[in-house]
Amino acid sequence: MKLERSCYCGEPREQDVGKELVLCGWVHSRRDHGGVIFVDLRDRSGIVQLVFNPEHSPQSHASAGALRNEYVLVARGQLRARSDDTVNPNMPTGKVELMVGELEILNASRPSPFAIDDEAVVTENTRLKFRYLDLRRPFMQKFLRLRHEVCRLSRELLNSEGFLEVETPMLTRSTPEGARDYLVPSRVNQGSFFALPQSPQLFKQLLMVSGLDRYYQIARCFRDEDLRADRQPEFTQIDLEMSFAGSEAVMNLVEGLLKKLFSELAGLEFNAAFPRMPYAEAMARFGSDRPDTRFGLELKDLTEVFAGSGFKVFKQAVDGGGAVKAIVVKGGAAMSRKEIDDLGSYASDFGAKGMAWIKINEGQWQSPIVKFFSDGEKQRLGEVLEIEDGDLVLFASDSEQVVHAVLGALRCKIAADRDLIDPSRFDFLWVTEFPMFEWNDDDKRYQALHHPFTALHPDDGIEVLDSLSGGPGTALRSDAYDIVLNGVELGGGSVRIHQPQLQRKVFEALGIGEEEAAEKFGFLVEALGYGAPPHAGLALGLDRLVAMLAGTDSIRDVIAFPKTQRAACLLTQAPSTVDAAQLRGLGLRVDL
RNA sequence: GGGGUCGUAGUUCAGCUGGUUAGAACGCCGGCCUGUCACGCCGGAGGUCGCGAGUUCGAGUCUCGUCGGCCCCGCCA
C-alpha cells in the first residue's frame, strides 16, 4: 500500500472541502451508472461517498468497475462539496464526497453471506459462524466500543480511588462448593489438574492479607454450567476488594462507579442513593432476590386468610408449612380463558401444581374456586387485595419457595406481556441481609448462599452461630449485598471473614470436615492467621452491565466471540478432540 | 437431565387437509445506464428441503430417531 491514510471515512465535513484526502475502508455499496460510479466506503467510524468519474480519472474509474461489496481499498482524491440537490441529509458526511483520482484495490472479497448493516436480519447461527463479518456491522462495533468505554471509565475511577490492578492466576486449583470447574490437565504433574477460576475470590482476599489495601481486576471467570441468554461459560467481572472497609464503603464506591458509567455512557443521572431492600422483603413483596421494581404486581400474603379454609388446596399448603399468596392484575379480568390457561402453564414451569384465579367483572367474582370460600374468607380476601372491578387475581399455594418462584415469574411475564414496564426507567436496587446458608436437599446439607468466605451480618454474630447445634438453619443473615438493575443481578459482594477461627466454624457449619477444609482451603485459613485485615469487596458482571447499557437482551451481543448455548464456538469449532499423542503426553485416556 | 421452538436458494422467509417441474424478496452473475445514495431497467444462474430411518402408490409436508441454533426449568457458592 503506497498511500497513507489521512483520516477515517466518517470524519470529512464541509470545512474539509478542498483538502486532498486518502481514505481506506470496505466497499459498503457500489452504484454504477455506466458513466459515473459511486462507492460508499465504510470503516469503523462511518461511511463516506467516493465518486469515480471517467472524465476526471479514466484509470481509477476503470478500476472501480471491478469493485464489489466488501472489497478493501485505499483512495486518494480531493474532497468536494456536494451540490444542494445531491446532499444526503441521512449521513453525517452527506454534504461532501471524495472525487477519486487514484484507487488501489487492497483486497477482494467473496460475497458476504449477509449484508453488513444494522438492518439485516440474520440468524444467530450464521452470525456466530461468520462472527468477523457480524462484528463489521455498525451496531456490533458500537457495542464493543461501549464495552471498551465501560472498562476505560471503570479503570479511571478505580485508579483515582487508589485501587491497584493486579492479575491473578488463570491456572489455579479446583475447590469444592460452587459451580463445576473447567479443568486443565498438568503435563508436568500427570494425573493432576488445574481449574480455571470461577472468580478470583481467594486470590483477592490473599492480596488483602498482603497489604495491597485496594485491588481491582477486569477478570475472566469460568463456570462449566448450562447456559442462558445472560450466562456464558467464560464471562468477565469487574472484581474489586478493599481492606479496612465494610459493606457501606463498598456499596458507596460501586454506586459511584455505576452512576458515573450511566451518566457518561447513557446520559442518565441518579441523584438519590440507590434504594436498599433486605432479602426477606424482596422475597415477600416480589418473590425474587433480584426484584424488578419498575412495576407493581406485588405479592400479597393470604396464608392467614386461608389457614382453615374449606378449599383443600389452600388449606393443605398452609398446614404443610407453606403459603398462599396472590397478585392482582389490574384490568386482567378482560383476559380470555386461553390467556389465563397460558399463564397457568407458565406457572407450572416454575413448580406450580395449579394456578387458581378470580376475575372480578361488574361486582361478580368469576372463578372455579370461589365456591369453596366462606363469606369471611371472601371479605378478608377483598380487603387484603384491595380488589376492584376489572381485576384478575392469580393465586399460588405451595411451599413458600415455590409460591415465590411462581408469582415472581408471573409478575414479570405479565408486566412484559401487558406492557407495564416504562422502558426509560433504570431501577437500581441494593438487596441486603441475605441468608447465610441455604439447605441443599440433593446433598442433604447446608451450603453458603453467597460463598463460604462471607461474614455474618453484624446483628447475627458469631455467638449465634455457636449457639446452634445440629445445623445452622437458614435464619442467620450474612453481610452480603447484591446490586440489581431492572430485575437483573448486576453484581454482588460481601464482607469477608478475616478471622481464621470463624472461617473454620463456617466450614464446619457447611459440613466441610476439618481435614477437607485443611486440604482445600488450608492456605486461606493459614493466611487469615497472619494478620488479615478486615476486608470486603464486590464483583460486577461486565457482560450484563454492558448489555443493559446497550439495550440488548443477550450478552452474546456484547462479547466479541461468544459460545453457543451448548458451550461451543461455531467459528473455531471449539471444543474439539485432540491427537492421541497429545493425550498420551498428558497421561490421559478418553473413556466414552 | 427436562420442556418449548426453529432448521427449505448465499441470506431472510412462504410452501394449505401428503399429490405434476419447490416459490418470493434481497443478494449474486451478465448487459444497459454520467448524480446515485434501498439507484434504475433487461436477462440469467442458484436447492442434499439439516441428517437417517419409517409409514405411503407418492413425503419439504406425517411418525420416530439424530445433529444444530435460540428460549426456558433444573443447574449456576
Side-chain angles (χ1 to χ4, degrees), chain A residues 28-41 47-56 61 68-70 82-91 93-94 97 99 110-117 119-130 133 175-181 198-199 201-202 221-233 235 345-352 402 405-406 409 412-413 434-438 440-443 446-454 478 480 489 492 494 506 510 512 539 541 553-554 556 563-566 568 570 573:
Chain A
H28 187 66
S29 76
R30 180 184 64 114
R31 295 175 295 279
D32 185 344
H33 287 251
V36 68
I37 298 173
F38 299 100
V39 166
D40 286 344
L41 192 66
I47 292 174
V48 68
Q49 175 165 283
L50 309 182
V51 184
F52 296 89
N53 189 309
E55 286 152 21
H56 179 77
H61 176 267
R68 295 293 182 272
N69 283 352
E70 302 311 314
R82 298 201 202 179
S83 64
D84 287 347
D85 55 326
T86 62
V87 162
N88 184 344
N90 300 318
M91 47 201 292
T93 62
E97 61 192 11
M99 193 66 178
R110 301 168 64 192
S112 173
F114 51 85
I116 308 300
D117 59 41
E119 284 71 42
V121 179
V122 193
T123 55
E124 194 90 8
N125 213 334
T126 307
R127 291 178 63 192
L128 292 177
K129 194 169 161 192
F130 296 97
L133 296 178
T175 52
E177 304 284 309
R180 291 186 194 89
D181 286 322
Q198 295 179 29
S199 83
Q201 181 61 34
L202 294 172
C221 306
F222 304 85
R223 292 176 193 177
D224 188 6
E225 295 291 346
D226 290 335
L227 309 184
R228 292 285 189 282
D230 62 351
R231 280 167 21 192
Q232 283 275 304
F235 62 100
S345 143
Y346 185 72
S348 72
D349 290 349
F350 295 84
V402 169
V406 166
C412 290
K413 178 171 172 54
F434 281 82
M436 184 80 174
F437 304 109
E438 63 185 346
N440 182 323
D441 209 43
D442 290 337
D443 298 352
Y446 286 94
Q447 62 185 36
L449 193 74
H450 188 55
H451 57 55
F453 321 110
T454 303
S478 69
E489 183 194 329
S494 63
V506 169
L510 291 170
I512 302 175
D553 291 328
S554 168
R556 290 187 303 276
K563 306 279 188 289
T564 67
Q565 195 156 43
R566 292 194 68 254
L570 296 181
Q573 298 292 305

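Reminder, nothing fancy here: chain letters follow the sequence lines and each chain counts from 1.
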| said: Tell me if the NZ atom of A:K563 is crowded by more than 12 foreign heavy atoms within 6.0 Å. | reply: yes
| Closest to the A:V122 side chain, choosing from B:C39, B:C70, B:U12 | B:U12
| request: Apply side-chain contact (heavy atoms from CB on, under 4.5 Å) to the pair A:T93 and A:Q49, showing each step before the final yes or no. | output: CA-CA 8 Å; A:T93 62; A:Q49 175 165 283; over 6 Å; no
| note | Whole-Å distance, A:K563 NZ to B:G69 P, equals 13 Å
| field | Side-chain donor/acceptor of A:R82 to base of B:U36, under 3.5 Å | value | yes
| query | Should B:C33 form a Watson-Crick or G-U wobble pair with both distances under 3.5 Å, which nucleotide is its partner? | reply | none
| field | Closest to the A:R68 side chain, choosing from B:C70, B:G30, B:G35 | value | B:G30
| said: Would you say that A:F453 contacts A:V506 through its side chain, given a criterion of any heavy-atom pair below 4.5 Å between the two side chains? | reply: no
| message | Quiz question: by atom type and distance under 3.5 Å, do the side chains of A:S83 and A:D85 form a donor-acceptor pair? | response | yes
| Does a side-chain N or O from A:R228 land closer than 4.0 Å to OP1 or OP2 of B:C73, or not? | yes
| message | Distance check, P atoms only: B:C76 and B:G15, in whole angstrom units. | response | 42 Å
| note | Atom CD of A:Q573 and atom C1' of B:G68 are separated, to the nearest Å, by 11 Å
| said: I'd like the C1' distance from B:A25 over to B:A9, given in whole Å. | reply: 12 Å
| request: May I ask you to say what A:E124 touches in the nucleic acid, namely base, sugar-phosphate or nothing, with a heavy-atom cut-off under 4.0 Å? | output: sugar-phosphate
| For the side chain of A:D349 and the base of B:C73, is some donor closer than 3.5 Å to an acceptor across the two? | no
| field | Counter-base of B:U5, judged by Watson-Crick or G-U geometry with both distances under 3.5 Å | value | B:G69
| In terms of the nearest nucleotide of RNA chain B, which residue is placed more toward the 5' end: A:D85 or A:S199? | A:D85
| Which residue lies toward the 5' end of RNA chain B, A:M99 or A:F114, if each is placed at its nearest nucleotide? | A:F114
| message | Closest approach to the side chain of A:P113, judged atom by atom: which nucleotide of B:G10, B:C37, B:C75 is it? | response | B:G10
| task | Would you mind classifying the nucleic acid contact of A:F350 as base, sugar-phosphate or nothing, using non-hydrogen atoms under 4.0 angstrom? | result | sugar-phosphate
| task | Calculate the interatomic distance between A:R31 atom CZ and B:C41 atom C1'; express it in whole Å. | result | 17 Å
| message | I want to verify a distance call: between B:G10, B:C71, B:G68, whose nearest atom is closest to the A:A229 side chain? | response | B:C71
| query | Which whole number of Å gives the distance between the P atom of B:G46 and that of B:A24? | reply | 14 Å
| task | Answer yes or no: does a side-chain N or O of A:R110 lie under 4.0 Å from OP1 or OP2 of B:G27? | result | no
| query | Which whole number of Å gives the distance between the P atom of B:G1 and that of B:C39? | reply | 49 Å
| Between A:L449 and A:S478, is any pair of side-chain heavy atoms under 4.5 Å apart? | no
| said: For the P atoms, the ones on B:G31 and on B:G47, what distance do you get once it is rounded to whole angstrom? | reply: 23 Å
| query | Just checking A:E55: base, sugar-phosphate only, or nothing, at a heavy-atom cut-off of under 4.0 Å? | reply | base
| message | What's the gap between B:G30 and B:G7 when it is taken at their C1' atoms, as a whole Å value? | response | 33 Å
| query | Looking for any heavy atom pair under 4.0 Å, which part of the strands does A:P452 touch: base, sugar-phosphate only, or nothing? | reply | base
| query | Within the structure shown, what part of the strands sits under 4.0 Å from A:R566 by heavy-atom distance: base, sugar-phosphate, or nothing? | reply | sugar-phosphate
| note | Separation of B:G27 atom P from A:H28 atom NE2, nearest Å, is 12 Å
| request: Please confirm whether the backbone N or O of A:A120 pairs with a side-chain atom of A:D117, one donor and one acceptor, at under 3.5 Å? | output: yes
| field | Spacing of the C1' atoms in B:G40 and B:U34 (rounded, Å) | value | 13 Å
| note | When both distances are under 3.5 Å in a Watson-Crick or G-U wobble arrangement, the nucleotide paired with B:C57 is B:G19
| message | Using only atom types and a distance under 3.5 Å, with no angle test, would you say the side chain of A:T454 pairs donor to acceptor with the backbone of A:M436? | response | no
| task | Using a heavy-atom cut-off of under 4.0 Å over every strand shown, decide if A:N69 touches base, sugar-phosphate, or nothing. | result | sugar-phosphate
| Where the side chain of A:E97 is defined as all heavy atoms beyond and including C-beta, which of B:U12, B:G1, B:U36 is the nearest nucleotide? | B:U36
| query | Could you state the CD-P distance from A:Q49 to B:G35, rounded to the nearest angstrom? | reply | 13 Å
| request: Using the six-membered ring for Trp and the full ring for Phe, Tyr or His, decide whether A:F38 stacks on the six-membered base ring of B:U36 (centres under 5.5 Å, planes under 30°). | output: yes
| message | With a cut-off of less than 4.0 Å, is there a side-chain N or O of A:T126 near OP1 or OP2 of B:U12? | response | yes
| message | In whole Å, measure the gap between the P atoms of B:A59 and B:G54 for me. | response | 12 Å
| request: Ignoring hydrogens and angles, tell me if any N or O in the side chain of A:R556 forms a donor-acceptor pair with the backbone of A:T564 under 3.5 Å. | output: no
| task | Return the nucleotide paired to B:C76: Watson-Crick means purine N1 to pyrimidine N3 with N6-O4 or O6-N4, wobble means G-U with N1-O2 and O6-N3, both under 3.5 Å. | result | none
| Between B:U34, B:U12, B:C75, which nucleotide has the shortest distance from any of its atoms to the side chain of A:T123? | B:U12
| query | OP1, OP2 of B:G69 versus side-chain N and O of A:T564: anything below 4.0 Å? | reply | yes
| field | G-U wobble or Watson-Crick pairing nucleotide for B:C49 (cut-off 3.5 Å, both distances) | value | none
| task | Mind calculating the distance between CZ (A:R231) and C1' (B:C70) to the nearest angstrom? | result | 15 Å
| query | Which is true for A:T86 with a 4.0 Å heavy-atom rule: it touches a base, it touches only sugar-phosphate, or it touches nothing? | reply | base
| Does B:A25 have a Watson-Crick or wobble mate here (both distances under 3.5 Å), and if so which one? | B:U11
| query | Which whole-number value in Å describes the distance from A:K413 NZ to B:C72 P? | reply | 12 Å
| query | So what does A:R30 touch, heavy atoms closer than 4.0 Å: a base, only the sugar-phosphate, or nothing? | reply | nothing
| query | From B:U12, B:U34, B:G69, pick the nucleotide closest to the side chain of A:L570? | reply | B:G69
| field | Gap between atoms CG and P, on A:D32 and B:C39 respectively (whole Å) | value | 13 Å
| message | Between the side chains of A:D40 and A:R31, is the shortest nitrogen-to-carboxylate-oxygen separation below 4.0 Å, so that they form an ion pair? | response | yes
